[in-house]
Amino acid sequence: MVNPFLETFGEKTSSAQPTALVICGATGDLTQRKLIPALCNLAEDGYLPSQFVVIGAARRELSDKEFIAHLKEGVDKFSRRKISDEAWKKFAKNIFYHQLRFDHPDDYLALKVKLEELSDTRKADFNYLYYLATSPNFFGVIAENFDSAGLISSDQNSIHKTGIVVEKPFGHDLETAHDLNEKLRKHFAEKQIFRIDHYLGKETVQNILAFRFSNGIFEPLWNYRYIDHIQISVAETVGVGSRAEYFDATGVVRDIIQNHVLQVLSLLCIEPPVNLDADSIRDEKVKVLKSIRRFSAADVTRETVRAQYVSGFIDDKQVGSYLDEKGVPTGSHTETYAALALHIDNWRWSGVPIYVRTGKRLPKRITEITVYFKRPPEALFRDLGFQSMEQNVLAIQVQPKEGISLKMNSKPPGPKMRVQPVVMEFNYGHSFGVPSPEAYERLLLDAMRSDSTLFTRDDEIEESWDILDPILNVWENDNVPPLYRYDAGSWGPKEAATLLRKREHRWRRL
Ligand code: BG6
């Protein structure tokens with residue numbers, strides 16, 4: 001059955017052209033956990049082009065058969081629905097392995113030969129899509145070698161259209177992100193580069209635009225006159241698992257806020273774009289990012305909190321402290337929790353604080369955007385003994401529950417005039433009756449169709465680093481505010497509550 005979620009995008013559902021997807025770093029976790037299960041689900045839904053091949057490229061020597069067996073384990077474990085043996089066999093006929101040592105130009109020439117042979121045997125003119133699921137250290141050399149091997153076409157109308165998909169992290173700060181952009185742009189035009197932020201592939205995140213601009217009732221209220229403040233929370237129960245080396249060099253600001261949180265924030269706060277084209281939307285997102293106030297050292301002390309977890313309990317199970325996780329260096333100062341009070345200095349959002357927080361080892365896995373509206377005048381109800389009326393709260397739940405709820409005040413039945421908050425809910429599952437596709441399904445399909453709407457443009461990336469660099473510099477160089485501690489299984493350090501209390505706000509209980 002074709003998935004109606006994808007159908008709603010109208011003309012964008014037209015099938016992608018014949019595609020050869022080359023995944024560099026294909027023996028890693030991402031390919032097995034996310035990419036191949038996503039491709040299988042796209043195949044099940046009838047979205048893959050009829051001519052499609054995947055070439056897994058990585059340093060180690062492997063046969064096609066070994067590679068396919070490794071991928072099958074991943075599909076059995078991680079696919080959002082069961083893929084039958086029959087469907088897998090059919091899909092696996094399109095999977096190949098190629099040994100690619102990233103700094104060996106000859107391996108790229110051999111890849112070219114392989115791609116040409118596949119074109120001949122399959123009688124297909126493939127577009128080439130290169131997916132870099134490798135450390136960013138290799139992006140430059142890989143792009144360079146693809147180019148020298150004649151595997152990149154700058155003419156997007158030529159037979160072999162080429163594109164490149166790159167995974168995060170995209171840089172460590174503004175300078176490294178800029179360098180990376182330069183390296184890629186030496187070989188690819190911006191419209192050929194697809195920078196992944198998997199949050200943009202989530203249905204609920206895509207729905208922000210539909211919700212804001214296809215309903216007449218919210219947009220007039222979507223500004224400083226009616227909105228008191230906004231909260232964005234990305235909470236995780238997991239620790240760092242097997243990724244200590246990556247995580248310790250990164251921290252949650254670079255891992256989550258620089259990309260996922262700022263992307264969600266910019267969609268939530270953009271002006272109506274002139275149309276739904278990739279660049280029209282991204283132009284507006286960049287304006288939001290540009291308008292986010294850059295912090296002085298004093299702002300960093302006042303408006304940010306960072307912390308690291310110590311041992312505690314999650315779901316009644318004891319978990320160790322960050323410093324005891326395997327692979328974390330002794331005395332590490334990496335933050336596993338961060339909360340920031342951001343401000344957008346433009347006409348629409350003047351004076352509306354936007355609080356963002358994210359943390360590992362929090363009590364629940366939940367991502368939510370919460371919009372608090374200003375209170376109505378209370379004169380009428382004051383005599384009923386209310387200290388203060390509850391605010392209307394619009395909550396967009398990104399995961400694990402997908403939906404939107406609106407809290408409003410209402411009179412409970414009975415002879416007395418009273419006011420009590422009630423919640424009106426929209427739930428994806430109930431309303432649409434189909435499970436949402438995984439983020440990677442949508443993103444892979446869009447990259448195959450050369451649609452960049454859900455990918456981050458070079459200037460978005462650089463603006464987001466420009467916002468965070470001053471914060472990270474003060475944290476790292478001046479050590480203020482200090483790195484607080486919080487118990488695993490708690491909602492973070494008490495200083496995060498103080499950050500909001502200064503403006504008489506409170507974090508939403510999730
Ligand atoms: C990734 C981060 O980008 O997002 C991980 O590197 C994090 O550290 C993950 O756990 C969260 O993604 P999701 O989709 O589970 O919210």
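Every number for a ligand or one of its atoms is a count from 1 in the order of the listing. Just so it is clear, the values below take in all heavy atoms, side chains as well, and ignore hydrogens, waters and symmetry mates. When a residue number appears, it is its place in the shown sequence, counting from 1.
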**Request:** Let me see the working for S436 and E402 under side-chain hydrogen bond (donor to acceptor under 3.5 Å, both in side chains), right down to the final yes or no.
**Result:** CA-CA 9 Å; S436 299; E402 300 177 306; 2.8 Å; yes
**Prompt:** Out of curiosity, is D255 lining ligand 1, as in a heavy atom under 4.0 Å away?
**Reply:** yes
**Request:** Please identify which atoms of ligand 1 are closer than 4.0 Å to at least one heavy atom of H198.
**Result:** 1 (C), 3 (O), 4 (O), 12 (O), 13 (P), 14 (O)
**Protein residue, atom and distance nearest to atom 15 (O) of ligand 1, heavy-atom basis** = R365 NH2, 3.0 Å
**Item:** atom 10 (O) of ligand 1 - nearest protein heavy atom and its distance
**Value:** E236 OE2, 2.5 Å
**Item:** Crowding at CD, E245 (>12 non-hydrogen neighbours, <6.0 Å)
**Value:** no
**Prompt:** Side chain or backbone of F247 under 4.0 Å from ligand 1, or both, or neither, by non-hydrogen atoms?
**Reply:** neither
**Request:** Check each atom of ligand 1 against the heavy atoms of K168 and keep those under 4.0 Å away; list them by number with element.
**Result:** 1 (C), 2 (C), 3 (O), 6 (O)
**Complete:** closest protein heavy atom to atom 14 (O) of ligand 1 is K202 NZ, 2.6 Å
**Asked** Do you see a donor-acceptor pair shorter than 3.5 Å between the side chains of N41 and S79?
**Response** yes
**Request:** Taking only Lys NZ, Arg NE, NH1 and NH2, and the carboxylate oxygens of Asp or Glu, determine whether E463 and R294 approach each other closer than 4.0 Å.
**Result:** yes
**Complete:** For H260, the atoms of ligand 1 under 4.0 Å from one of its heavy atoms are 1 (C), 3 (O), 4 (O)
**Asked** When you check the side-chain N and O atoms of E325 and Y309, is any donor under 3.5 Å from an acceptor?
**Response** yes
**Prompt:** Under 4.0 Å from ligand 1, counting heavy atoms only, is it the side chain of K360, its backbone, both or neither?
**Reply:** side chain
**Side chain D255, main chain G251, donor-acceptor under 3.5 Å** = no
**Prompt:** Is the cationic atom of K168 (NZ for Lys, CZ for Arg) positioned less than 6.0 Å from the six-membered ring centroid of F170 and within 45 degrees of its normal?
**Reply:** no
